[in-house]
Amino acid sequence: SHCAYTHPGGSKPAGAKNQDTWFHLQVDEHNQIFGVLDGHGSDNGTLVAEVSSEAIKAHLAEHFSKLRTEPEAVFEAAFEKAHEASRRALLAVDSSYRSFEGVPVDDYEDDDGVMRLDAVDGGTTATVIALLDGATLVHAQVGDSSALLGGTIQPNAGGGGGAKQTFF
């Protein structure tokens, strides 16, 4: 069994939609991948998080065995595929969007009547953890996301105890 928790993030107006998403890939009993993506941007944050989640999951499923020997290369390629899938998804959202130096942009007119380019609203951070052979955790992240590994420790002589936490 597994669970994922995504936070509501920053201060949002009442009723604002949480743009986070997550995935779980169970390769077998001892090999799994967990990912949490924190979508940003009221217009397209959910879209980017969902498209990125699917791209990362698909790439890691295809290249899972390489995580044992080339984890950095596998995760880097997964995040690149997510970036490209997100870019394509954003450009497909609105026919007025176009790509400028690889960034989806939209035109807008400023207060002086001058046409400008503005990056399309939408992005995500990502934290992905792979459990290899039931014994090794491999962690990768993009953006300001992070992971926390927690567990319990034995009570000390005074009866106190608590959780041992390790930040990635």
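Excluded from the calculations below are hydrogen atoms, water molecules and symmetry mates; all remaining heavy atoms, backbone and side chain alike, are included.
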**Prompt:** Can you list every pair that meets side chain to side chain donor-acceptor pair (under 3.5 Å) and has a residue in residues 70-81, with sequence neighbours left out?
**Reply:** none
**pair Asp118-Val105: side-chain heavy atoms closer than 4.5 Å** = no
**salt bridge (charged side-chain N to carboxylate O under 4.0 Å, His left out) against Glu84, all qualifying residues, sequence neighbours excluded** = Arg87, Arg88
**Request:** Would you indicate whether the side-chain heavy atoms of Val120 and Val93 approach each other to under 4.5 Å?
**Result:** no
**Prompt:** At their closest point, which heavy atom of Ala147 faces which heavy atom of Ile129, and how far apart are they?
**Reply:** CB-CD1, 3.8 Å
**Request:** Would you check if Asp133 and Arg68 make a side-chain contact, meaning some heavy-atom pair closer than 4.5 Å?
**Result:** yes
**Prompt:** Under 3.5 Å, is there a donor-acceptor pair between the side chain of Asp43 and the main chain of Asp121?
**Reply:** no
**Asked** So, for Phe75 and Ala130, which heavy atoms are closest and what is the spacing to 0.1 Å?
**Response** CZ-CB, 4.5 Å
**Prompt:** Linking I/L/V/M/F/W/Y whenever any side-chain heavy atoms sit under 4.5 Å apart, do Val51 and Val142 land together?
**Reply:** no
**Message:** According to ring pair (Phe, Tyr, Trp, His ring centres under 6.0 Å), does anything in residues 39-66 pair up with another residue at least two apart or in another chain? List the pairs.
**Reply:** His59-His63
**Item:** Same apolar cluster: Leu37 and Val74, side chain cutoff 4.5 Å
**Value:** yes
**Request:** Return yes if some donor-acceptor pair links the side-chain N/O of Ser86 with the main-chain N/O of Ala82 below 3.5 Å, else return no.
**Result:** yes
**Request:** Taking Thr124 for its side chain and Asp38 for its backbone only, find out whether a donor-acceptor pair lies under 3.5 Å.
**Result:** yes
**Message:** Side chains of His139 and Thr127, heavy atoms from C-beta outward: is any pair under 4.5 Å?
**Reply:** yes
**Sequence-distant partners of His30, ring pair (Phe, Tyr, Trp, His ring centres under 6.0 Å), two or more places apart** = none
**Qualifying residues under ring pair (Phe, Tyr, Trp, His ring centres under 6.0 Å), relative to His83, sequence neighbours excluded** = none
**Asked** Are any non-hydrogen side-chain atoms of Thr46 and Thr21 less than 4.5 angstrom apart?
**Response** no
**Item:** Residue list, side chain to side chain contact (heavy atoms under 4.5 Å, CB included) with Lys57, at least two apart or on another chain
**Value:** Phe23, Leu25
**Asked** Is Val48 reachable from Ile56 through a run of hydrophobic residues whose side-chain heavy atoms are each under 4.5 Å from the next?
**Response** no
**Asked** Do you know the tightest heavy-atom contact between Thr125 and Gly143?
**Response** CG2-CA, 3.9 Å
**Message:** For Val36, is there any backbone N or O sitting under 3.5 Å from a side-chain donor or acceptor partner on Asp20?
**Reply:** no
**Request:** To the nearest 0.5 angstrom, please state how far the CG atom of Leu91 sits from the CG atom of Asp106.
**Result:** 10.5 Å
**Prompt:** Is the backbone of Asn31 close enough, under 3.5 Å, to the side chain of Asp28 for a donor and an acceptor to pair up by distance?
**Reply:** yes
